Amino acid sequence: MADPRMDAFRSRLGGLAYGGDYNPEQWDRATWREDVRLMRAAGVNLVSLGIFAWVSIEPEPGRYEFDWLDEVMDLLHEGGVSVNLATPTAAPPAWLTRLHPEVVPIMEDGRPLGLGSRQHFDHSSPIYRHYAATIATRLAERYSFHPALAMWHVNNEYGPTSYSEAAAAGFRRWLRRRYHDLDTLNDAWTTRFWGQVYTEWAQIEVSNVMGVWMNPARRLDFRRFTSDALLECYLAERDILRSFRDDIPIMTNLMPCYPHADYWKWAPEQDVAALDIYPDPGHPDAHISSAFHYDMCRSLKAGRPWMVMEQAASAINSRDVNLVREPGRMRLGSLQALARGSDSVMFFQWRAARGGQERFHSAMVPHSGPDSRTFREVAGLGRELGLLAPVAGTTTRRADVAILFDWDGRWGLEDTGRLPRNDFDYTGVVLRHHRPLWEHHHPVDVVSSKSDLNPYQVLIVPNAYLIDDEGAAAVTEFAHAGGTVVMSFFSGVADECDRVRPDGYPGAFRRLIGAKIDEYWPARPGERFAVRFADGRTATASWWREDIHLETGSALATYADGPLAGRAAVVTNSYGSGRVVYLATLLEDAAFDAVVLDAVRSSGVADPFPGVPAHVECTVREDERNEHLFLLNHHPDVPVTVSLDRPGTDLLTGAPAAGEITLAPLGAAVVHRTR
Amino acid sequence: MADPRMDAFRSRLGGLAYGGDYNPEQWDRATWREDVRLMRAAGVNLVSLGIFAWVSIEPEPGRYEFDWLDEVMDLLHEGGVSVNLATPTAAPPAWLTRLHPEVVPIMEDGRPLGLGSRQHFDHSSPIYRHYAATIATRLAERYSFHPALAMWHVNNEYGPTSYSEAAAAGFRRWLRRRYHDLDTLNDAWTTRFWGQVYTEWAQIEVSNVMGVWMNPARRLDFRRFTSDALLECYLAERDILRSFRDDIPIMTNLMPCYPHADYWKWAPEQDVAALDIYPDPGHPDAHISSAFHYDMCRSLKAGRPWMVMEQAASAINSRDVNLVREPGRMRLGSLQALARGSDSVMFFQWRAARGGQERFHSAMVPHSGPDSRTFREVAGLGRELGLLAPVAGTTTRRADVAILFDWDGRWGLEDTGRLPRNDFDYTGVVLRHHRPLWEHHHPVDVVSSKSDLNPYQVLIVPNAYLIDDEGAAAVTEFAHAGGTVVMSFFSGVADECDRVRPDGYPGAFRRLIGAKIDEYWPARPGERFAVRFADGRTATASWWREDIHLETGSALATYADGPLAGRAAVVTNSYGSGRVVYLATLLEDAAFDAVVLDAVRSSGVADPFPGVPAHVECTVREDERNEHLFLLNHHPDVPVTVSLDRPGTDLLTGAPAAGEITLAPLGAAVVHRTR
Amino acid sequence: MADPRMDAFRSRLGGLAYGGDYNPEQWDRATWREDVRLMRAAGVNLVSLGIFAWVSIEPEPGRYEFDWLDEVMDLLHEGGVSVNLATPTAAPPAWLTRLHPEVVPIMEDGRPLGLGSRQHFDHSSPIYRHYAATIATRLAERYSFHPALAMWHVNNEYGPTSYSEAAAAGFRRWLRRRYHDLDTLNDAWTTRFWGQVYTEWAQIEVSNVMGVWMNPARRLDFRRFTSDALLECYLAERDILRSFRDDIPIMTNLMPCYPHADYWKWAPEQDVAALDIYPDPGHPDAHISSAFHYDMCRSLKAGRPWMVMEQAASAINSRDVNLVREPGRMRLGSLQALARGSDSVMFFQWRAARGGQERFHSAMVPHSGPDSRTFREVAGLGRELGLLAPVAGTTTRRADVAILFDWDGRWGLEDTGRLPRNDFDYTGVVLRHHRPLWEHHHPVDVVSSKSDLNPYQVLIVPNAYLIDDEGAAAVTEFAHAGGTVVMSFFSGVADECDRVRPDGYPGAFRRLIGAKIDEYWPARPGERFAVRFADGRTATASWWREDIHLETGSALATYADGPLAGRAAVVTNSYGSGRVVYLATLLEDAAFDAVVLDAVRSSGVADPFPGVPAHVECTVREDERNEHLFLLNHHPDVPVTVSLDRPGTDLLTGAPAAGEITLAPLGAAVVHRTR
């Protein structure tokens, strides 16, 4: 997988990228100079520049002010700081929204999204697209060959949806491409139900109406369309930038599991996957969620090094209560990103704003200035990243276990509505399945149903309610070819148009799991039921049951009480050369984890770090000659000792590491060894 | 009470009606044939056809496609299934809402209700009414004399409100008819308060304004107008259908205690009262609520047999969590409807939809097909209904107790706002009063204040805050003539314009209860106070108190503590030849039930089934020669034995029933005896 | 401080004012005569007339009906009742809102506020202002010299905000006056952040847009503008009234701590400060909150006697549950207002309305008529107020302690959003600081940062997040000159444009408190931490912490656990001749009170009534020759005995008061003594 653009980028930086969003247009020239001095002191080598600078570059239609940006680019270059230069198209100027009110998106309640937020652009507005293309062109003309330029950053956290007339027209065009004729669309959307058949394309609206009971397939397609329309915006700008110079990487920053964009379709269009991540300091397991999002971002481009493009130096300010990241947490979270494949640690933002909506969002240089806990931690991390330069470009060790995350499946579960129960949280469910694997140090990749599944021994399929024929076939084939599938309840039910598959639940997977489900039995709030495993263990379950009738499958566990007593609660089935474990209820934590981990072990995948406590994260990044063992102690109070199978050098201290290595609370080691 | 249309309908069916909504337009011809085969297997003899078929019948303005409907009608007829044919006017086609956007209703927030829901028609739109009349006419022309036709089903679950310009114009016309001139209206609405006097009719709007503190009388009249406007829609279609053929019954399906329509005004316009009912499987007392709704539906047409027009075979899908109806529940609930006077058991719907908003609503033929628990229960019930054919046309035994349910009173209590407390739930209150009567097997009728009260010994009047002069006089006269009135607090306060009656609370009923109420004292959240009865019993009360000053009345119970200590909490008063018990506070359950039941017993009404446990529902349906004793054990785990006073035959088993009869958990018997 | 208008007003009434809102337009002539008779019986000497009478006076544009009002004015005058005559401009007639829909305000969601509420006028509409001026002129022409006229009442409870086009235009004019040019505005609003720079005035909208993340400085200025625009409405009417006659006092009635108007700017424009107050009978400490609002109203005009313009005789009806004021509560609350400087007790309203939105709001003459608890209490209080006539015109004893309440600071804390935590309740915070002072009988004035602080020994500064340079300098100078400042956390952070002050928190007050705050550490929900005082006492704290680095200050208390263990939790610092106590966390109640009260005592301010229980309110009103000692026992169940330092006469009983005086539960005494 040749990757000349990113190879050149890494060479240029000479290691890992470190820095943050830089908004010099908010500050005076004297501050710019202070900034560069402090960046050097902190080890910063990359900044994301100009993300919100549209109005500063183009203060009125067609008049450009580049002088200040020239000066900043030059200053950064002189200071040894490379630039990830942004097209500022996430922040259309007030003059543009005033001149062309139709460039702002229309929210679901029919009101325009006003200036004062960001992303106040309508993805489908031809006028917006025209102005965005123009400013991107101007920037490319001027800076494509500036020596500071290391990367292009298109827009920012793409969004939002729009219910405008332009969006409606775009939706209809998109539907015509997808369905060609209305008969096909009516069939796909099951519009005969409730007599909602469309007889002309123009009847399809997205406008300001109250849809108490919206057609589910229409919701689903509107989700798909929105993702595609946003992607068109990205592609248009990317292609302009590329047309000027081919060797500079181009990206946009993604959010964790953003509901508005199907990242599997976006990732191939980016030179590097990049993540903005803000773990909640108030959540004790936030680092486990982060691990998943890191795995996801790495998997989007098949394991290639990715980038943390934004994180917080300490508190953010968009929650109701915004806790600080306590001492050591930011460092450990940053090293965790590297441990799971990132080649960067970037922040929003370099210097804390004095005013505006994010004035209490922490920054590398906080309100209290360089003489502050935050800046000291930032500078300390900068020094350590310098020591970790050899890690850049290496990849994480191959995963035997993959977990499925599909946007179609997610939209089906969360957005179509009127399911047997309507409080499914797809991301939460996937995180729940990922957790025992993290606690046992298994490398895990995230896959879509279109991914190449051949490399894996185990495929985890969480609550895959909606899956298309091709995806269902891929899962089935994976088992048939010898893989182990762990699938949880309410999977395989609907096709890609959210139509319930015929011939009994679980539709696509009846033969795979070897059972027919007569009916889904959601549980009462607070209801618990007893489950007994074949080996005599018992457990409680809750939330969901299924009235399962075994065909070729057998019961790994059955209900011990209630109206379904004796029916299977966990099913196992041999299928081709492989095996399936199907969880038809929500087991209590310990039992759930045991089922997942038993299935992994039975498939022949050994624990990679047996005996290491769950709270010590262990990963390996490697290339042909070197391996870097990351050991991260997430416990805030207790040190831990880990045995090394062979000696190496801790890159963070430069000290030899052999025998046992002790990690302080929130401590870390990165042991380099040759292979 | 001659009822030739319904007599003919019963004769045609030869017993009870059994079936459901049938939407063949969603399925192919092969499925139609399978459907008829399965209907026969399940004992189905009636389907409601075409409810959402407008677009299938009239795919573009003025072009009709009847062939498919002809074929379905013929198929059903050949299969022995009669048809309740619907005017499809609850589901205007997309072409109509596109061609005439003004046919869709405007919601309270000013936005149109969009396609994707149902009932997206503006009741006051002349255009909608024109199109609805046309499609009804075309259907009547074609099918009035089709041999399958047994009944006409107009629209579906009439609603919703609308705040459109057409509605505003209709409201003004309605107000002119009611008040004739603005002086009268201003007086009725007390518009001098806050200076909101109308000086031209055109000033009266219903449009998209935020009414933080809406005039209560205006709210009330808007409720009344909406009910009347919806009723006009029904009447227009009914009269068209009737003009083609006079001997076919015509109905529309009502929901339990729907807030948008005053069923007392609707019922006389229907040939049969018909109820859609979906008891919550998660609520342990759902069957007691159902009993009330059944009593209500029966009472709407003075005790004549009514119809369950929709229920669910198992789960529905409009709740957040949709529980299945556990085995036996659907059967028992169906028999309960018969026990309380229904001549039908109908479902929504025959075959589960694959897509659309209700794809997870259960059906007689569920997603898992005929080989399923649901279909087996459906077919089993079909067989039993055949055995119960003799029940059809009989009426429930006369009730001595009536309970008042007035839409005016309900709107006054729930919608006018700014009361001493604003969390009254009128239906909940009425259900609370109905419950002890159900638990003691008393037949209960539901009455309005306009009903004939002569047949009753006891009249229950729950929280009748708003009641007009005529209604108040009827209640008073009932007591005067010897009846027993059980009235609960905050009754008789306001007149029909929501004006507080002069001369002290409780206005209309001060002489009746023999006490003046100085002030209403709602209770603090969680506050409890002690009450002592005249006979020494004590109880706690909560939620509400009144500062009562006895006049001719005497205290049945007094407060034992707090600032009202010594004041009456329950008042009794002799009035004419009758008696009143007035509950001035919310007693705890046992004490409340005792007061209600003591009053019933004191009035000379004996327990009809003494000694039978509360959870065994006992009713009698009878005609001149036969009586059918329904015994229904609602306990899910415990069997029960009931003594019979004389022998008969259990229609469900064909076995003789004498001495004692044992009912399994959720079991039932229908004992036929001659009179 | 000569105050001829109010002196004349007092002379006219011959003592305290007593009465309420009077709305004769709702009643017939016979009732008017009954009203005047009952007013005399109740000791009423003042009514507020015509507040909602616009449509009754001007039933169509330009046609006036004054006869009824003439008759009522004459009747009242004959009955010895003076009139506070209202301009009815809070209630535009239906004909006006129909004729000119643009006179109604636009709510934040874009919808007009409809008829049915009150205050349905757009403060910035030139048409509304024209009509309001006209009706005010007509009233002044006719009644300025009517013998009943004692005072003018302009509008009613001024509000609301508006987001109309007229408001937008007004906002832009206001901004031009404030900032002169867009560069200054852009800098003030920090619009470079997120690239939201305005390049033409017309780009500044207030229209119907969803502002997910609104610019905080824009929100703040919109608050200021709204207050000023409403004030312009008041001033326009006031100036018209004044132009006819100069010696009649003019006022408008204010609500407690209303968020839409900066009362510090309003008070100088009124002849008397007047308060509408509705303490919640369900809140056990409602009387302590009332004490603060009374102090506030008195302080608005530097201690001059003020007026209770509205209170409830018993229950109100705008809460979800509306409790009655239990016997004795209304009397005690009324005396409390006098105790804290009021010269009136007025009610909303005289006679309870039969219909309309407030039909269940209690009144002096309730629905149950004069033979009622309420009217008996009203008449009893009327008699007592007659006995208290000597109190009129006296002022409360000088306060040594002042507490800061700034509208800018409040809007900054509550409305700008996106703070470290977003559940600050400014009024609640100020009340919390006021409470220990009330419990120890300290006279307290409320001040703004623009007030003269010289008279005070102690200044309490609660959570003053946003304060301008001048205000910050005033606080600092107060300490420098020898005062004691008690300041609580998150103070001094932002300037008047909501920009975080540079050079580290707490910006404006870093030198004053002698410490730099590195970071704000909001607490997790439910989190508690231990605090140890220098003298060994311990306490718990919660909600908020700060990472404080002492400079010249020293720790009065430190954290005993957690990541900030050893850091200061309470700081004290000497500053100039004065001293500061800075609370950097939220201490539990007892510790919080102790810190505040210790600071007061250390400043040399002695407890004025040592030994008197906290629940006995003690105040003094005095003039050059007399003093009136108010003793109010707020305990509902327990009598209390208070020692008098010297003898006097209890005005309420006429009995001599010497030695000890015993107050019944909810009892009171007003001891007159000469100085």
Side-chain angles (χ1 to χ4, degrees), chain B residues 109-110 187-200 202-205 207-219 416-423 493-495 497-505 507 516-525 527 543 545 547 549 563, chain C residues 23 25-27 51-57 59-60 88 90-95 97-98 104 107 109-118 120 160 281-282 314-315 317-324 326-327 352-362 366-369 371-374 636:
Chain B
D109 77 349
D187 187 49
W189 287 9
T190 320
T191 56
R192 292 278 160 197
F193 183 78
W194 286 357
Q196 308 193 337
V197 174
Y198 295 99
T199 50
E200 292 178 19
Q203 291 159 7
I204 302 171
E205 300 179 332
S207 63
N208 174 26
V209 293
M210 279 185 60
V212 183
W213 288 60
M214 185 72 79
N215 180 292
R218 174 175 151 183
R219 271 190 194 273
T416 61
R418 310 293 176 176
L419 300 179
R421 65 184 304 155
N422 293 290
D423 47 357
V493 182
D495 70 11
C497 300
D498 199 30
R499 290 174 299 211
V500 175
R501 292 176 179 277
D503 302 321
Y505 313 132
K516 177 187 176 188
I517 299 159
D518 194 17
E519 224 178 343
Y520 294 118
W521 287 47
R524 289 171 172 76
E527 196 180 8
W543 214 80
R545 280 174 298 180
D547 183 7
H549 297 259
Chain C
N23 299 297
E25 68 273 24
Q26 295 174 28
W27 303 98
I51 291 177
F52 298 111
W54 192 338
V55 75
S56 298
I57 296 168
E60 56 186 79
W95 57 254
T97 58
R98 169 82 187 161
V104 304
M107 299 292 91
D109 76 349
R111 289 190 289 155
L113 179 68
L115 194 72
S117 283
R118 302 162 293 171
H120 50 285
S314 185
N317 73 325
S318 58
R319 299 194 176 97
D320 291 339
V321 178
N322 298 286
L323 305 179
V324 301
E326 294 191 359
R354 283 193 58 203
Q357 292 83 329
E358 295 193 308
R359 63 206 183 290
F360 287 104
H361 193 298
S362 64
H367 287 141
S368 48
D371 178 16
S372 58
R373 174 179 80 91
T374 299

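Values below: every heavy atom of this structure, side chains too, minus hydrogens, waters and symmetry copies. Everything quoted here is computed from the prediction, not taken from an experiment. By convention in this document, chain letters (A, B, ...) are assigned in the order of the sequence lines, proteins followed by strands, and residues within each chain are numbered from 1.
With rounding to the nearest 0.5 Å, the separation of CG in C:N322 from CG in B:L419 is 9.0 Å. Atoms OG and NZ, from C:S372 and B:K516 in turn, are 6.5 Å apart once rounded to the nearest 0.5 Å. The line from CD of B:Q196 to OG1 of C:T97 is 9.5 Å long, rounded to the nearest 0.5 Å. Remark: C:D371 CG to B:D518 CG distance equals 7.5 Å, nearest 0.5 Å.
In terms of the ring-ring contact (aromatic ring centres under 6.0 Å, His included) criterion, C:W27 has no residue partners (sequence neighbours excluded). By the salt bridge (charged side-chain N to carboxylate O under 4.0 Å, His left out) test, C:E25 pairs with no residue at all, sequence neighbours left out.
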Derivation of the side-chain contact (heavy atoms from CB on, under 4.5 Å) call for B:Y520 and C:V324
CA-CA 8 Å; B:Y520 294 118; C:V324 301; over 6 Å; no
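Contacts with chain B were tallied for C:E326, C:R319, C:E60, C:H361; C:E326 has the most, counting heavy-atom pairs under 4.5 Å. Each of C:S314, C:S362, C:A352, C:A315 has some count of heavy-atom pairs under 4.5 Å with chain B, and the biggest count is that of C:S314. When each of C:P366, C:S56, C:P327 is checked for heavy-atom pairs under 4.5 Å with chain B, C:S56 comes out on top. Among C:I51, C:T374, C:N317, the residue with the largest count of heavy-atom pairs under 4.5 Å with chain B is C:N317. In terms of heavy-atom pairs under 4.5 angstrom with chain C, the leader among B:G504, B:P420, B:G195 is B:P420. Among B:W189, B:Y198, B:Y505, the residue with the largest count of heavy-atom pairs under 4.5 Å with chain C is B:Y505.
A salt bridge does not link B:R418 with C:E358: every distance from a Lys NZ or Arg NE/NH1/NH2 to an Asp or Glu carboxylate oxygen is 4.0 Å or more.
Between C:R359 and B:T190, the side chains place no donor N or O within less than 3.5 Å of an acceptor N or O (distance only, hydrogens not considered).
A salt bridge (charged side-chain N to carboxylate O under 4.0 Å, His left out) with C:R354 is found for exactly one of B:D503, B:D495, B:D498, namely B:D495.
Using cut-offs of 30° and 60° on the angle between ring planes, the pair C:F52 and B:W194 is tilted.
Between C:W95 and B:E200 there is no side-chain heavy-atom pair separated by less than 4.5 Å.
B:D187 does not touch chain C: none of its heavy atoms, backbone or side chain, sits under 4.5 Å away. Proximity to chain C involves both the backbone and the side chain of B:A202, based on heavy atoms less than 4.5 angstrom apart. For B:P522, the parts sitting under 4.5 Å from any heavy atom of chain C are the backbone and the side chain alike. Residue contact with chain C, scored on non-hydrogen atoms closer than 4.5 Å, is absent for B:T191.
The backbone N or O of C:P281 lies less than 3.5 Å from a partner atom in the side chain of B:R524, making a donor-acceptor pair. In this structure, C:N23 contributes its side chain and B:F193 its backbone to no donor-acceptor pair below 3.5 Å.
The local environment of CZ in C:R98 is sparse, with at most 12 non-hydrogen atoms from other residues, nucleotides or ligands closer than 6.0 Å.
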